[in-house]
Structures are given as C-alpha cells and as structure tokens.
Amino acid sequence: MKKLSSTLPNMLLSLGGICVVVSGILALVNRVTTAPIAEAEMRAKVEAIRAVAPPFDNNPFAEKLRVLPEGETDSLTVYPAKKGNALVGFAIESYTQKGFSGLIRVMVGFDVAGHLVDFSVLQHSESPGLGSRIPEWFHEKSETGGIRDMRGLDMKASAPLTVSKDGGKVDAITAATISSRAFLDAVNRAWRTCSSMQSSATAPAPIQE
C-alpha cells in the first residue's frame with residue numbers, strides 16, 4: 001500500500017479521524033456511566049428522605065413536586081410523606097450558595113405541626129474540620145443554652161434561624177461562622193417552602209415533574 005505523503009491535507013485527515021474515534025469512545029463511556037450515576041444519586045436522595053421525614057408508608061420520591069415559594073427565584077423539590085394516605089410531613093431538598101466554598105445542598109424534614117424532624121447534607125465543599133462539621137455540629141446538644149441540635153425544633157416559633165453573632169439563638173460552628181450561616185440559609189429556605197405548602201391561602205401551585 002502506498003504510503004501517504006506528509007502533507008497538510010493528509011495530516012488534517014488523520015487528525016480528523018482520530019477526533020471521530022475519540023468522540024465515539026467518550027460518547028460510549030458517557031452512556032455507560034450516566035445511568036449508574038443517576039441511580040446512585042436517586043438512592044442517596046431516597047435514603048436522605050427516609051432519614052429526615054416523619055415515618056411514612058407512601059413513596060415520596062414518586063410523588064415529588066417542584067414548588068416555588070413566595071420571595072424565591074428558584075423552585076425546590078418537595079417530597080410529601082404520608083401514612084395511611086394522610087399527610088404527615090415533607091422532606092425538602094434545599095440549597096444555599098453562601099457557603100465558604102459555595103454550594104451546599106441539604107435535605108430537611110418537617111412534620112405537619114412545623115417541627116424540624118431532621119436534616120441530611122447532600123453536598124458541600126466546606127473546609128475539612130471546620131464547615132465540614134455541619135452534620136455533626138447541628139446534631140449535638142448546645143453547651144451555651146442556645147440552639148444547636150436541629151431535631152425537634154419548632155420552626156413556627158424559631159424561624160428564621162440566625163447565628164448568635166447576628167442576634168439569633170443558634171450556636172455557630174467554632175471558627176466556621178460563614179458555613180453556619182449558609183447552612184441556616186438553606187434550612188430557612190426549606191422552611192419557607194414548607195410553610196407555603198401548608199398555607200392554603202398563599203401556597204403556590206406545585207409543578208409536577
């Protein structure tokens with residue numbers, strides 16, 4: 001077979017062929033990995049819903065809604081928890097962009113009486129040993145008489161939550177006030193969404209996904 005001469009057109013042809021092959025490989029890898037990643041994310045959310053919501057016997061993930069509460073520009077995903085067809089609470093996927101390292105995503109659960117049942121951190125990039133302590137810190141008893149353990153908190157009486165440095169009652173994580181403020185911003189956003197769902201007069205129309 002005659003060897004192709006080393007000319008610019010031949011070089012471009014070879015490079016084009018290589019690009020086509022590489023693109024095909026990347027597309028194949030994307031198809032192979034997309035489904036497992038999506039399935040893993042779904043499992044993590046289902047586990048978080050079960051961890052933070054009141055006991056339920058429905059499938060909150062299958063009944064999820066997108067809700068845009070008053071005063072917000074982005075809608076949140078709401079997972080209704082039911083038992084015996086009666087609504088017992090919500091798990092709400094919330095977020096904040098105010099973390100020390102940006103985005104923090106959380107799942108926050110509330111019962112129908114307005115108590116915060118529990119929370120789970122879904123995503124964060126906060127500093128190890130500082131802001132990364134959000135899950136542990138806000139599950140511990142306060143040593144100052146303030147608010148630290150979020151579980152069982154009456155949000156109707158306590159919201160909006162703010163750290164003590166800002167005049168509130170919540171103990172900020174030592175040396176991680178910015179991360180603490182960000183976490184509370186996400187919790188408060190979730191509570192506003194929960195309140196809008198419970199208020200028949202002001203509740204926005206949910207967007208079914």
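Owing to the predicted nature of the structure, the values given are computational and were not obtained by experimental measurement.
In this structure, R148 forms no cation-pi arrangement with F138, as its terminal cationic atom is not both closer than 6.0 Å to the ring centre and no more than 45° off the ring axis.
No more than 12 heavy atoms of other residues, nucleotides or ligands shown are found within 6.0 angstrom of CG on N85. Open room surrounds CZ on R50; 12 or fewer heavy atoms of other groups in view lie less than 6.0 Å from it. With a 6.0 Å radius and a threshold of 12 heavy atoms from other residues, nucleotides or ligands, E143 has its CD atom at or below the threshold. Annotation: F56, atom CZ; neighbour count of heavy atoms from other residues, nucleotides and ligands within 6.0 Å is above 12.
Taking CD1 from I49 and NZ from K64, the interatomic distance works out to 8.5 Å, rounded to the nearest 0.5 Å. The OG1 atom of T193 lies 10.5 Å from the CG atom of N188; values are rounded to the nearest 0.5 Å. Summarising the geometry, atom CD1 belonging to I134 is positioned 5.5 Å from atom OG belonging to S179; distances are rounded to the nearest 0.5 Å. The distance from the OG atom of S180 to the CG atom of L130 is 10.0 Å, given to the nearest 0.5 Å.
With hydrophobic clusters built from ILVMFWY side chains whose heavy atoms lie under 4.5 angstrom apart, L153 shares a cluster with F90. If you chain together hydrophobic residues whose side chains sit under 4.5 Å apart, I92 and L87 fall into the same group. Hydrophobic clustering places W137 together with V108 (ILVMFWY residues linked when any side-chain heavy atoms are closer than 4.5 Å, directly or through intermediates). M150 and I104 fall within the same hydrophobic cluster, defined by Ile, Leu, Val, Met, Phe, Trp and Tyr side-chain heavy atoms under 4.5 Å apart, directly or through other members. Taking hydrophobic clusters as Ile, Leu, Val, Met, Phe, Trp and Tyr residues chained together by side-chain heavy-atom distances below 4.5 Å, V112 shares a cluster with L65.
Between F110 and W191, the ring planes lie tilted relative to each other; the angle falls in the 30° to 60° range.
Closest approach of P54 to A81, counting heavy atoms only: O-CB, 4.2 Å. Of all the heavy atoms in V163 and A172, the pair that sits closest is CG1-CB, 4.0 Å. Heavy-atom minimum distance, V67 versus M197: CG2-SD, 3.4 Å. Here the closest non-hydrogen pair linking K83 and P55 is CD-O, 3.8 Å. The shortest non-hydrogen separation linking L122 to A48 is CD2-CB, 3.8 Å. Closest heavy-atom contact between T162 and G167: OG1-C, 4.3 Å.
A donor-acceptor contact shorter than 3.5 Å links the side chain of S94 to the backbone of A186. A donor-acceptor distance shorter than 3.5 angstrom exists from the side chain of S142 to the backbone of G145, with no hydrogens or angles considered. Judged purely by atom type and a 3.5 angstrom limit, N58 uses its side chain to pair as donor or acceptor with the backbone of P80. For D57 (side chain) and G84 (main-chain N/O), a donor-acceptor pair under 3.5 Å exists by modelled atom type. A distance-only check finds no donor-acceptor pair linking the side chain of T177 to the backbone of I173 [under 3.5 Å].
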Item to complete: Decide yes or no on side chain to side chain contact (heavy atoms under 4.5 Å, CB included) for D171 and E140, but give the supporting numbers first.
Response: CA-CA 10 Å; D171 296 340; E140 296 174 351; over 6 Å; no
Worksheet entry | Candidate pair K156 and D154, rule salt bridge (Lys or Arg N to Asp or Glu O under 4.0 Å), full reasoning | CA-CA 6 Å; K156 290 181 178 180; D154 184 351; over 6 Å; no
Practice prompt. Go through Y79 and E63 one step at a time and tell me if the side chain to side chain donor-acceptor pair (under 3.5 Å) criterion holds.
Written response: CA-CA 7 Å; Y79 305 90; E63 299 180 32; over 6 Å; no
Discussion item. Using side chain to side chain contact (heavy atoms under 4.5 Å, CB included), reason through E72 and R192 one step at a time and then give a plain yes or no.
Written reply: CA-CA 9 Å; E72 294 289 338; R192 288 195 298 272; 2.4 Å; yes
Practice prompt. Please step through salt bridge (Lys or Arg N to Asp or Glu O under 4.0 Å) for the pair D166 and R181, ending with a clear verdict.
Written response: CA-CA 9 Å; D166 298 334; R181 287 177 178 140; 2.8 Å; yes
Item to complete: Would you check, one step at a time, whether the test side chain to side chain contact (heavy atoms under 4.5 Å, CB included) holds for L161 with V170?
Response: CA-CA 7 Å; L161 299 173; V170 179; 4.2 Å; yes
Worksheet entry | Test log, rule side chain to side chain contact (heavy atoms under 4.5 Å, CB included), inputs R105 and H124 | CA-CA 7 Å; R105 292 173 51 243; H124 78 84; over 6 Å; no
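Between H115 and M155 there is no side-chain heavy-atom pair separated by less than 4.5 Å. Using a 4.5 Å heavy-atom cutoff, the side chains of S164 and K169 are not in contact. Residues Q123 and L103 form a side-chain contact, since some pair of their non-hydrogen atoms from C-beta on lies under 4.5 Å apart.
For the residue pair Y95 and D74, a side-chain donor N or O sits within less than 3.5 Å of a side-chain acceptor on the partner. In this model, no donor atom of one side chain and acceptor atom of the other lie less than 3.5 Å apart for E126 and S132. A donor and an acceptor atom, one from each side chain of R66 and S75, are located under 3.5 Å apart.
Taking the centre of each ring, F119 and H139 come in below the 6.0 Å mark.
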